[in-house]
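What follows is a set of notes on a single structure, which appears directly below.
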2 protein chains.
Amino acid sequence: MSPKNIDKLNCSIASALDIIGEGWTILILREAFFGSRRFEDFQKHLGIARNILTVRLNKLCDSGVLVRVPIKVGAKRNEYRLTPMGSDLAVILIGLTQWGDRWLNPTQGAPVTFIERATGKAVADIAIFTRDGKKLKPRELAVKPGPGATAETIARLKLIPDVRRKKKKN
Amino acid sequence: MSPKNIDKLNCSIASALDIIGEGWTILILREAFFGSRRFEDFQKHLGIARNILTVRLNKLCDSGVLVRVPIKVGAKRNEYRLTPMGSDLAVILIGLTQWGDRWLNPTQGAPVTFIERATGKAVADIAIFTRDGKKLKPRELAVKPGPGATAETIARLKLIPDVRRKKKKN
DNA sequence: ATTTATTGGTTGCATTTTGCAACTGTTGCA
DNA sequence: TGCAACAGTTGCAAAATGCAACCAATAAAT
């Protein structure tokens, strides 16, 4: 991944990936969701190299996805906990899990299920809805430049209409 | 990322990441959602190295996320299109976009908006629901071993209860 | 029909990132 | 006080990525 490009892409996906797109990072977050808090927890469960884990945890803390909390007041050791910003990634984690379950793991059941804590019941498949509650299929989706779009982005999204390359202008 | 570990993690997130977790892959998919189909489209828009693009496109085709379709019957050149498996990643793409918009881009508006094609109206924020339609906050979520869980996974998920490390058994 | 430009790659080499294993200082606990 | 587990750091080897040049096939222009 080339950081120098990423800034220029004018896209929240790119900025998001700049934080959580590196190798291992999402798995680290998965462990955090699953209850890991301490360096050794992450290391043992993932088998990740310790130096890489250090770098990843630092980055996640710096960017506000995790917080480093001293284990006791004044202690030098600390644990890593999800911030609200980190917990807000649950959608992504669950989305990835469900996608993997659907397309990669169809035979043996899901290894892990996300449930509502209070009732123990599995959550629904994550889906895309309109603001008034209609579920959308992928085909019904489109993309348009938002308020923060650059000229380049706007030009790029012109590609979208289904029929292209019929003629070339300029 | 270490492939040799990934198999052993007994987790659909890991298998999903094995396919879409490498550098650039999600951005390539983003471009596909935005309308890119041909090698040069992806290359120009992302500024990705051409050899890496080749490798990524091959992998995405091999794993069924994209299909290679000849431009004309019998042509050797082809375009890359999202399969249903690929389109099903819309949730992830939109989720990442919205997360980036919320936490990384709050001042200037979203560069890109996902809309319902028919009406042009922006889609709702992706959220987690119970099967009977109640929206869940991250705090209300938990995780439990699914039907395909290994013994190791089951042991791992024991960590979850909020208070830990009170005592150590065994 | 021939030339030219564009497209869709491949190849080789430099740079960067990651993995691995050993080492160091710190803490918790008996 | 001593020992084991914890939380990293360091140095080097291996793998992934970036870059630029090159090549063959196709499409467009003359």
Side-chain angles (χ1 to χ4, degrees), chain A residues 1-6 8 17-18 21-28 31 36-62 66-81 159 164-170, chain B residues 1-6 8 17-18 20-28 31-32 36-62 66-81 159 164-170:
Chain A
M1 193 93 56
S2 118
K4 106 181 90 112
N5 286 330
I6 276 197
K8 306 187 120 195
L17 289 175
D18 196 30
E22 289 168 307
W24 291 110
T25 298
I26 295 195
L27 293 172
I28 291 171
E31 287 307 313
S36 287
R37 298 206 168 142
R38 294 175 61 155
F39 191 92
E40 294 294 316
D41 292 338
F42 294 106
Q43 204 283 318
K44 286 200 194 96
H45 293 150
L46 295 172
I48 179 177
R50 310 171 72 82
N51 49 352
I52 303 299
L53 178 56
T54 301
V55 173
R56 293 292 180 273
L57 289 172
N58 285 340
K59 180 159 191 178
L60 288 170
C61 290
D62 291 349
L66 298 178
V67 240
R68 215 185 310 265
V69 185
I71 272 154
K72 301 205 288 204
V73 281
K76 281 184 187 159
R77 291 195 193 168
N78 28 42
E79 19 178 74
Y80 299 87
R81 290 168 181 248
L159 285 175
R164 295 162 51 214
R165 222 171 297 275
K166 272 303 169 200
K167 67 174 61 173
K168 178 153 64 180
K169 57 192 77 166
N170 108 326
Chain B
M1 192 92 58
S2 119
K4 105 182 86 117
N5 285 330
I6 277 199
K8 307 186 119 195
L17 288 175
D18 196 30
I20 62 164
E22 290 168 306
W24 290 110
T25 298
I26 295 195
L27 292 172
I28 291 170
E31 287 306 314
S36 286
R37 297 205 171 142
R38 294 173 62 153
F39 190 91
E40 294 294 316
D41 292 339
F42 293 106
Q43 204 280 321
K44 286 200 193 97
H45 293 149
L46 295 172
I48 180 179
R50 318 180 111 250
N51 50 350
I52 302 300
L53 178 55
T54 301
V55 173
R56 293 293 180 272
L57 290 173
N58 286 340
K59 179 159 190 178
L60 288 170
C61 290
D62 291 350
L66 298 179
V67 240
R68 217 185 307 266
V69 184
I71 272 154
K72 299 204 288 202
V73 281
K76 282 185 187 157
R77 292 194 193 169
N78 28 43
E79 22 178 72
Y80 299 88
R81 292 168 181 248
L159 286 174
R164 295 160 50 213
R165 222 168 297 274
K166 273 302 168 201
K167 66 174 65 172
K168 178 153 61 181
K169 56 193 81 166
N170 107 328

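Given the structure is predicted, the values throughout are model-derived calculations rather than measurements. Every chain is numbered from 1 and lettered A, B, ... according to where its sequence line falls, protein lines coming before strand lines.
Which of D/dG18, C/dT27, C/dT6 sits closest to the side chain of B/Ala49 comes down to D/dG18. Distance from the side chain of A/Arg50 is smallest to D/dA7 among C/dG9, C/dT18, D/dA7. Distances were taken from every side-chain heavy atom of A/Thr54 (C-beta onward) to each of D/dT17, D/dC6, D/dT9; the shortest belongs to D/dT9.
Atom CG of B/Leu53 is separated from atom P of D/dA16 by 18 Å (rounded to the nearest Å). Straight-line distance from the CD atom of A/Glu22 to the P atom of C/dG19: 11 Å, rounded to whole Å. C/dC20 atom C1' lies 16 Å from atom CG of A/Leu46, rounded to whole Å. Taking atom CD on A/Glu79 and atom P on C/dT27, their separation rounds to 15 Å, with Å as the unit. Atom CD in A/Gln43 sits about 14 Å away from atom C1' in C/dA22, given to the nearest Å. In this structure, A/Asn78 places its CG atom 11 Å from P of C/dT27, rounding to the nearest Å. Between B/Ile52 atom CD1 and D/dA15 atom P the separation is 16 Å, expressed in whole Å. If you take CD1 of A/Ile48 and C1' of D/dG8, they are 13 Å apart, rounded to a whole angstrom.
At D/dG18, one or more side-chain N or O atoms of B/Trp24 fall inside 4.0 Å of OP1 or OP2 (strictly under the cut-off). A sub-4.0 Å separation between OP1 or OP2 of C/dT26 and a side-chain N or O of A/Arg77 is absent. In this model, the phosphate group of D/dA5 is not approached by any side-chain N or O of A/Lys44 to a distance below 4.0 Å at OP1 or OP2.
Side chain to side chain, A/Tyr80 and A/Arg68 meet the donor-acceptor criterion of an N or O pair below 3.5 Å.
Across all their heavy atoms, A/Thr25 and A/Arg56 have their closest contact at OG1-CD, 3.1 Å. Between B/Ile52 and B/Trp24, the shortest heavy-atom contact is CG2-CD1, 4.2 Å. For the residue pair A/Phe39 and A/Leu53, the shortest heavy atom distance occurs at O-CD2, 3.5 Å.
At the heavy-atom level, B/Arg68 lies nowhere under 4.0 Å from the strands shown. Contacts of B/Tyr80 with the nucleic acid, taken as non-hydrogen atoms under 4.0 Å apart, involve only primed sugar atoms and P, OP1 or OP2.
If B/Asn51 and A/Glu40 are placed on DNA chain D by their nearest nucleotide, the residue sitting closer to the 5' end is A/Glu40.
For the pair B/Arg50 and B/Glu40, the salt-bridge criterion is met [side-chain N within less than 4.0 Å of a carboxylate O].
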